[in-house]
Amino acid sequence: MQNILIVGHGAREHVIGESLVNSGAKLHSFMSFKNAGLEDLSEGRIKIHSETDFKEIVDFCKEKRIDFVVIGPEAPLVIGIVDAIQKHDIPCIGPSIEAAQLEGSKIFTRYLLDKYKISSNIQSKMFRSIEGVESYLDVVGNENIVVKPDGLTGGKGVKVFGEHLFSRKDILEYCQEIVSGKSPFIIEEKCYGEEFTLQTFVDGKNVIGTPLVQDHKRAYEDDTGPNTGGMGSYSMEDHLMPFITKNDVKLALEVIKKTINAVKAETGVNYKGFLYGGFMKTAKELKLIEYNSRLGDPEAMNVLPLLNSNFVDICWAIIDGNLSQTISFKKQATVCKYLAPEGYPTNPKKDQQIKIDKKSLNNIGAKYYYASVYREDNNIYTTTSRAMGILGIAEDLQKAEQIAEEGVKCVEGQLFHRKDIGTLKLLQKRIDHMNSLLNK
Ligand code: AMP
Ligand code: GLY
């Protein structure tokens, strides 16, 4: 049996761990906060310690004779966890520090796409101070912009005019706030369209796409309320979206392949690991909204459970640079609904007990993944972040959504979720939105 280590502690890591175990791994977990699901899957082979303390991670790998490590979250990737571990001849799934800049620096990504003439780039300008912002706004117009701090912000740093910023004063204040935090930022053209996530496996040269997913960032139904880490996501049985064509996916994959080649040309480094493309289909063309150097959360829950292929073998193929097109996914739809503590994200109720009826979940066929909860005396309690993801898988979206909803009912506590995610009503709204843009 192979000893495989997962680094990270959320629902994404829980589903990665599950996929590794289902593919025959003897799992070990290194996490800054104890995930009860990973603790169980690892049968107690865990270490609770900072995920950015590379020396401790390397020592743990040596002690447990780890065959390879999978890095879940972005924070350790952008500061070089892969380089630190590989120095000790321990293989790792994840990009090295230079390649992880695709997520770590929005300035790097826009520059790279521009320099290597890769389509789908968005017009943007970088600033290190507030100087020049007003004259740039005079040219492009306040209402046509998005402000993005350069580095990682946990999905909460991007502010869009009309959604978070409503006047020039708002824009300038936000730019000033970013500068005061010593970060450069970009002002980017605001695009209109439907977003989708294309997660890929990358071995340095080959890029294998996984089923498309759509995430929901807003806290409340009908895409209202504050931005969150993501309230849920769905994928369709044909692995597309009704408003995204096969050709769109082909184009998106080409953009990703060209980006990998550009990373190599620019830095000399092969991109290896998972690469998440956040795309938007607009009336005119496909736009690259962001890259993430890891799987998505919640999107990992939509794709990994659909794998027909052995996930441990896929990881070895990433390491060895011989990924092939034979990786396959079940032709099923998925709906993931996140349960979050009441009040999340602004004023979440923490330390509230959650009761999970695992037997009923099992009978319904719903899967569950722990995000940010803790276990004490065999009871599960909330923290200030999303608590757990409930996943429905079925032959079509409607059935997958019903399973997820039924699954949600098996969890008792002061929690809320978005009932509309994965419903045909919300899907139709997306289709109508895309059609209205295309027919303008
Ligand atoms: P990011 O963290 O880059 O994914 O941005 C968070 C969210 O902001 C995205 O999922 C989009 O909904 C929105 N966003 C980011 N960039 C743009 C853009 N250029 N135009 C319109 N919306 C954007
Ligand atoms: N679902 C968004 C992310 O993983 O960043």
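For ligands, and for the atoms within them, numbers begin at 1 and follow the listed sequence. We use all heavy atoms of the structure for the numbers below, so side chains are in, but hydrogens, waters and symmetry mates are not.
Nearest to atom 6 (C) of ligand 1 among the protein's heavy atoms is Lys217 CE, 3.6 Å. The protein non-hydrogen atom at the shortest distance from atom 1 (P) of ligand 1 is Glu290 OE1, 3.4 Å. Atom 12 (O) of ligand 1 has Glu195 OE2, 2.5 Å as its closest protein atom, hydrogens excluded (heavy atom only). Distance from atom 14 (N) of ligand 1 to its nearest protein heavy atom, with residue and atom name: Ile289 CG2, 4.1 Å. Among all protein heavy atoms, the one lying closest to atom 22 (N) of ligand 1 is Met280 CE, 4.0 Å.
In this structure, a donor-acceptor pair under 3.5 Å is present between the side chains of Ser32 and Glu51.
Residue-level proximity to ligand 1 for Lys148 is carried by the side chain, the only part with a heavy atom below 4.0 angstrom.
Residue-environment remark: NZ (Lys419) stays at or below the threshold of 12 foreign heavy atoms within 6.0 Å. The environment of Lys257 atom NZ is dense: over 12 non-hydrogen atoms of other residues, nucleotides or ligands sit within 6.0 angstrom. Other residues, nucleotides and ligands contribute at most 12 non-hydrogen atoms within 6.0 Å of the CD atom of Gln123. In the displayed structure, Lys350 atom NZ is contacted under 6.0 Å by at most 12 heavy atoms of other residues, nucleotides or ligands.
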Which pairs of N or O atoms, one from ligand 2 and one from the protein, are separated by less than 3.5 Å, and what is the distance for each pair?
residue: ligand 2; atom: 1 (N); partner: Asp215; partner atom: OD2; Å: 2.8
residue: ligand 2; atom: 1 (N); partner: Asp297; partner atom: O; Å: 3.0
residue: ligand 2; atom: 1 (N); partner: Glu299; partner atom: OE1; Å: 2.7
residue: ligand 2; atom: 1 (N); partner: Glu299; partner atom: OE2; Å: 3.3
residue: ligand 2; atom: 4 (O); partner: Arg294; partner atom: NH1; Å: 3.0
residue: ligand 2; atom: 4 (O); partner: Asp297; partner atom: N; Å: 3.0
residue: ligand 2; atom: 4 (O); partner: Asp297; partner atom: O; Å: 3.4
residue: ligand 2; atom: 5 (O); partner: Asn292; partner atom: ND2; Å: 3.3
residue: ligand 2; atom: 5 (O); partner: Arg294; partner atom: NH2; Å: 2.8

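Checked options Ile6, Val82, Ile319; the residue passing with Ile93 is Ile319 (criterion: side chain to side chain contact (heavy atoms under 4.5 Å, CB included)).
Between Lys409 and Glu405 no salt bridge is recorded (no basic side-chain N to carboxylate O distance below 4.0 Å). Using a cut-off of 4.0 Å between Lys/Arg side-chain N and Asp/Glu carboxylate O, Glu401 and Lys337 are scored as salt-bridged.
Applying the ring-ring contact (aromatic ring centres under 6.0 Å, His included) criterion to Phe279, with sequence neighbours excluded, gives Phe196. Every ring-ring contact (aromatic ring centres under 6.0 Å, His included) that Tyr381 has, sequence neighbours left out, goes to Tyr374.
Among Ile186, Val146, Leu152, the residue whose heavy atom lies nearest to atom 18 (C) of ligand 1 is Val146. Around atom 2 (O) of ligand 1, the closest heavy atom drawn from Asp223, Asn292, Val158, Leu288 belongs to Val158. The closest heavy-atom contact to atom 13 (C) of ligand 1, among the options Val147, Asn227, Val160, Thr282, comes from Val160.
Distances below 4.0 Å separate heavy atoms of Ile122 from the following atoms of ligand 1: 19 (N). Residue contact check: Lys190 has heavy atoms under 4.0 Å from atoms 20 (N) of ligand 1. Near Glu188, with a cut-off below 4.0 Å to any heavy atom, the atoms of ligand 1 are 16 (N), 18 (C), 19 (N).
Geometrically, ligand 1 and Glu189 share a nitrogen or oxygen pair separated by less than 3.5 Å. The shortest N or O to N or O distance between Cys191 and ligand 1 is below 3.5 Å.
Within the structure, side chain to side chain donor-acceptor pair (under 3.5 Å) pairs that include any residue of residues 69-78 comprise Glu74-Arg294 (at least two apart or interchain).
Of all the heavy atoms in Gly8 and Pro73, the pair that sits closest is CA-CD, 3.9 Å.
Taking the six-membered ring where the residue is Trp, the centroids of Phe127 and Tyr136 are separated by under 6.0 Å.
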